Protein chains: 2
Amino acid sequence: MTATIGELTLDTIHQMDVNDGLKDLPESSIDLIIADPPYGINYRSGSRKRKFTTIRNDDTIMADWLTDAHRVLKDGGALYCYTRWDVYAEWYNRISQHFTIKNCIIWHKNGGGMGDLRGAYSPAHEFLIYAVKGRHILKGKRISDVWQVPRDPGATYVHPTQKPVKLAEMIIEKSSEPVDIVLVPFCGSGGDCVAAKKLGRRFIAFDVEQQYIDAANGRLAEAA
Amino acid sequence: MTATIGELTLDTIHQMDVNDGLKDLPESSIDLIIADPPYGINYRSGSRKRKFTTIRNDDTIMADWLTDAHRVLKDGGALYCYTRWDVYAEWYNRISQHFTIKNCIIWHKNGGGMGDLRGAYSPAHEFLIYAVKGRHILKGKRISDVWQVPRDPGATYVHPTQKPVKLAEMIIEKSSEPVDIVLVPFCGSGGDCVAAKKLGRRFIAFDVEQQYIDAANGRLAEAA
DNA sequence: ATGTCGTTTGAATCCCGCA
DNA sequence: CTGCGGGATTCAAACGACA
């Protein structure tokens, strides 16, 4: 027998658009949401050998899902949403329409990025907006809002904007308990699901691209 | 003989409102601007022993000065403006109306802050928006957009929101050359002026509070 | 120099009383 | 009931004193 919420099986990556997927989830059924949406900047992997195609739905800020995300999240639950300094203003405004934003966590990654080599500083961070519905208490001892976590080695990337599993582990440990249900609206490389599995949480994930779902399922199988 | 630009003497902290002060400066007369405006958050110095009064003009986002700041800055000059994650969206939008924003630098400070001790992460960073007029080239070797610099020890504070001189030194070295003129619209503790003086730049600074001007002049004299 | 322990502090936020 | 204002509070990192 497989556990489900609404119509959807748990611990599964569903090949669905977020907006459709969220419609199938009941109100207040989710403990934690970890979202790594398309940043809305038409991202193209900058590496020489164009390993990936352009990300779908990445030309405009896509934030409709936030309404349903708020609905399905339990009172006292948390939302973590990755973003970047140049689109932060948009995301900040949209998220704060539904949630209470508590922190902007800095993911301080090692190494540098490319970009304008002479007229800009080397990009070494991304943002992680931490927001809550009602009152959410963080577990364990108090930690700072700057997280130094190295990137995954480039060769191991299965997705162009892959985040380290370590980040997802930190989020899950601070903001959920075992057996809690973690919603992953944009599954991508599946790192959030891997972390949930490792830490004994259940998850429900969505992605539209079958190739990434396959890659993520591969990583989940390895983590078993 | 004292050097001046417009009606104002150089290497001096003028007891003036920024908007009035900037009116006295000619177009394209400034090489670099370092701004630490009131964030618009009604900050009350949170320490036990209320050493400082509240900050003037901190009840609203005050951004009129940006228009004149753009006018007085040379083409190819840079603006650095401190802000914080919860008002960043406002400042980002206003600055980008006049300048091209190139980076959001993270000042990663040591220690933590107070705040919501159980429901939020410990605040350990502030933002520094780096923006340009035209094409600005950073000097020296490429560095990252995360700057780890310890705070000044609290006991040495002469202003409630004092920034380390080290930060100003980094800004000045990356974005100006000797003898260049640095504009400091909100002088505060005078750290930016001290850095300019140490590095052989000239400066022109404004502040409305005579007590902070006196304190800043004290620090300048020490740095001599 | 290295280690332990006690003290201090932070661009807070919560929460209560009062208007 | 909402809005404002001031006091109380809390933790980990940094610092200083001392062994």
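Naming convention: chains lettered A, B, ... in sequence-line order (proteins, then strands); numbering from 1 in each chain. What you see is a predicted model, and the numbers here were worked out from it, not measured in a lab. Note: hydrogens, waters and symmetry copies are ignored here, and every other heavy atom, side chains too, is used.
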Let me know the distance between [atom1] of [X] and [atom2] of [N], rounded to the nearest Å.
X: B/Q148; N: D/dA14; atom1: CD; atom2: C1'; value: 15 Å
X: B/M114; N: C/dC15; atom1: CE; atom2: P; value: 16 Å
X: A/K141; N: D/dT10; atom1: NZ; atom2: P; value: 19 Å
X: B/N110; N: C/dA11; atom1: CG; atom2: P; value: 9 Å
X: A/H136; N: C/dT13; atom1: NE2; atom2: P; value: 16 Å
X: A/K139; N: D/dC11; atom1: NZ; atom2: P; value: 16 Å
X: B/D116; N: C/dA12; atom1: CG; atom2: C1'; value: 9 Å
X: B/N42; N: C/dA12; atom1: CG; atom2: P; value: 13 Å

Below 4.0 Å: OP1/OP2 of [N] and any side-chain N or O of [X]:
X: B/Y157; N: C/dA11; answer: yes
X: B/K109; N: C/dA11; answer: yes
X: B/Y82; N: C/dA11; answer: no

Ignoring hydrogens and angles, state whether a donor on the side chain of A/E126 or A/Y39 is under 3.5 Å from an acceptor on the partner side chain.
->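 Side chains of A/E126 and A/Y39: pair found under 3.5 Å.
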With a 4.0 Å cut-off on heavy atoms, is [X] in touch with a base, just the backbone sugar-phosphate, or nothing at all?
X: B/G154; answer: sugar-phosphate
X: A/K102; answer: sugar-phosphate
X: B/T161; answer: base
X: B/G111; answer: sugar-phosphate
X: B/I55; answer: base

Indicate, yes or no, whether a donor-acceptor pair under 3.5 Å links the base of D/dG5 to the side chain of B/R44.
->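 Side chain to base: no pair below 3.5 Å.
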Ignoring hydrogens and angles, does a donor from either the side chain of B/D36 or the base of C/dA11 sit under 3.5 Å from an acceptor on the other?
->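 Present.
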Among A/R219, A/H159, A/K163, which one satisfies side chain to side chain donor-acceptor pair (under 3.5 Å) with A/S189?
->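 Of the listed options, the one satisfying the test is A/R219.
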Choosing from C/dC14, C/dA11, D/dA12, which nucleotide comes nearest the side chain of A/R135?
->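 Between C/dC14, C/dA11, D/dA12, the one nearest the side chain of A/R135 would be C/dC14.
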Would you call B/R202-B/D180 a salt bridge at under 4.0 Å N-O?
->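 Salt bridge absent between B/R202 and B/D180.
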Is it true that B/E173 and B/K139 make a salt bridge, defined as a side-chain N closer than 4.0 Å to a carboxylate O?
->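 Looking at B/E173 and B/K139, the cut-off is not met.
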Restricting to pairs with a member in residues 2-27 of chain B, which pass salt bridge (Lys or Arg N to Asp or Glu O under 4.0 Å), not counting sequence neighbours?
->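 Salt bridge (Lys or Arg N to Asp or Glu O under 4.0 Å) check on residues 2-27 of chain B returns B/K23-B/D68.
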State whether the number of non-hydrogen atoms from other residues, nucleotides or ligands found under 6.0 Å of A/K166 atom NZ is greater than 12.
->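 No, not enclosed.
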Using atom types as modelled and distance alone, determine if a side-chain donor or acceptor of B/K133 lies under 3.5 Å from a backbone N or O of B/H70.
->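 Pair found, side chain donor or acceptor close to backbone of B/H70.
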B/R151 or B/R118, whichever maps to the more 5' nucleotide of DNA chain D =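 Nearest-nucleotide comparison on DNA chain D picks B/R118.
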Closest-nucleotide 5' rank along DNA chain D - winner of B/G115 and A/I143 =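 Nearest-nucleotide comparison on DNA chain D picks B/G115.
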What stems involve DNA chain D, if each pair must be Watson-Crick or G-U and both of its distances must be under 3.5 Å, with 3 or more such pairs in a row?
->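 C:2-10 with D:11-19, C:12-19 with D:2-9 - these are the stems of 3 or more pairs that involve DNA chain D.
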Geometric cation-pi criterion A/K102 and B/Y121, 6.0 Å radius, 45° cone |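 No - A/K102 does not lie over the ring of B/Y121 by the 6.0 Å and 45° rule.
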